[in-house]
Amino acid sequence: MTDGLLIATFTLSAAAKHGVERVRELYLARFPDNPPAVASVAWGYVEGSDPLSGKVIVGFYQQSQFAEIEHGIQEVSGVPLIYFTTEQFHPLFDGKVLDYEDGQGFFLRAP
């Protein structure tokens, strides 16, 4: 952990990089006046459910938010991103590959 930020210890597959770009395009189409600035990778789950039954969520911080989050940008497999998770969920990402498949979305797998 550096300055309160967890260091990303996962990599992105080529398919995940493509998936991130698809999400970027969706954000750009929906918010053309406030375009996507940097990707965010997080662990998400439905409140009240078992947190370990969650999944990887990829979204974007928009340009208007950039100044607030720029200090937390890390480069993972050549992709600048914010690794937005807690110490509780960090081990789920550790040493894994973030992958992507149409219909399944983003998921973690062994290298």
Side-chain angles (χ1 to χ4, degrees):
M1 187 180 297
T2 303
D3 297 329
L5 300 172
L6 291 168
I7 302 302
T9 56
F10 59 93
T11 58
L12 278 75
S13 70
K17 290 178 185 181
H18 176 73
V20 168
E21 285 307 309
R22 289 181 67 184
V23 174
R24 180 188 304 275
E25 291 168 6
L26 292 171
Y27 269 76
L28 186 56
R30 182 152 183 192
F31 307 106
D33 295 332
N34 192 10
V38 65
S40 173
V41 174
W43 186 256
Y45 62 95
V46 176
E47 190 172 345
S49 68
D50 176 9
L52 297 179
S53 69
K55 63 180 187 173
V56 177
I57 305 295
V58 173
F60 272 84
Y61 286 95
Q62 293 169 273
Q63 194 63 47
S64 64
Q65 300 167 300
F66 187 78
E68 297 170 44
I69 55 90
E70 117 180 86
H71 70 279
I73 296 173
Q74 300 179 50
E75 190 168 306
V76 178
S77 301
V79 176
L81 58 80
I82 297 290
Y83 177 44
F84 185 70
T85 196
T86 64
E87 289 185 25
Q88 177 184 2
F89 302 116
H90 176 66
L92 299 173
F93 290 86
D94 191 29
K96 299 289 175 45
V97 175
L98 178 59
D99 210 344
Y100 176 85
E101 286 184 14
D102 288 334
Q104 185 175 355
F106 292 95
F107 59 95
L108 295 165
R109 64 170 173 79

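What's counted below: heavy atoms across the whole structure, side chains too, no hydrogens, waters or symmetry copies.
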Side chains of F60 and V23 in contact at under 4.5 Å (non-hydrogen atoms) = yes
key: Stepwise side-chain contact (heavy atoms from CB on, under 4.5 Å) test for K96 and T9   = CA-CA 8 Å; K96 299 289 175 45; T9 56; over 6 Å; no
task = Might you point out which heavy atoms bring P111 and G95 nearest each other, and give the distance in Å?
result = CG-O, 3.3 Å
ask   = Can L92 be reached from V58 by stepping across I, L, V, M, F, W or Y side chains whose heavy atoms are under 4.5 Å apart?
value = yes
Aromatic plane relationship, Y83 with F93 - under 30° parallel, 30 to 60° tilted, over 60° perpendicular = perpendicular
Residues D99, K17: salt bridge by 4.0 Å N-O rule = no
remark   = Test side-chain contact (heavy atoms from CB on, under 4.5 Å), reference V41, set I57, L81, V76, output is L81
ask   = What distance separates D33 CG from Q62 CD, expressed to the nearest 0.5 Å?
value = 10.5 Å
query = Does L12 reach the side chain of V20, with side-chain heavy atoms less than 4.5 Å apart?
reply = yes
ask   = Is there side-chain contact between Q63 and F31, with at least one heavy-atom pair below 4.5 Å?
value = no
request  = Treat each ILVMFWY residue as a node, draw an edge where side-chain heavy atoms are under 4.5 Å apart, and state whether I73 and F10 are in one component.
outcome  = no
ask   = Is V38 close to E70 at the side-chain level, that is, under 4.5 Å between some pair of heavy atoms?
value = no
inquiry  = As an exercise, state the distance from CD1 of I7 to CG of D94, rounded to the nearest 0.5 Å.
reply    = 12.0 Å
key: Salt bridge present between R24 and E21 (N-O < 4.0 angstrom)   = yes
query = Under 6.0 Å between ring centres, would you say that holds for F89 and Y45?
reply = yes
inquiry  = With rounding to the nearest 0.5 angstrom, report the CG to CZ distance, N34 to F66.
reply    = 13.0 Å
query = If you draw a 6.0 Å radius around CZ in R109, do more than 12 non-hydrogen atoms from other residues or ligands fall strictly inside?
reply = yes
query = Given side chains that start at C-beta, do those of Y61 and E68 come closer than 4.5 Å, heavy atoms only?
reply = no
message = Please report the interatomic distance OG1(T85) to CH2(W43), rounded to the nearest 0.5 Å.
response = 9.0 Å
remark   = Separation between CG (L98) and OG1 (T11), nearest 0.5 Å, reads 8.0 Å
query = Which pair of non-hydrogen atoms, one from P35 and one from L28, has the smallest distance, and what is that distance?
reply = CB-CD1, 3.8 Å
message = With rounding to the nearest 0.5 angstrom, report the NE2 to CG distance, H90 to L6.
response = 5.5 Å
note = Heavy-atom closest pair (G19 atom, F106 atom, distance to 0.1 Å) is C-CZ, 3.4 Å
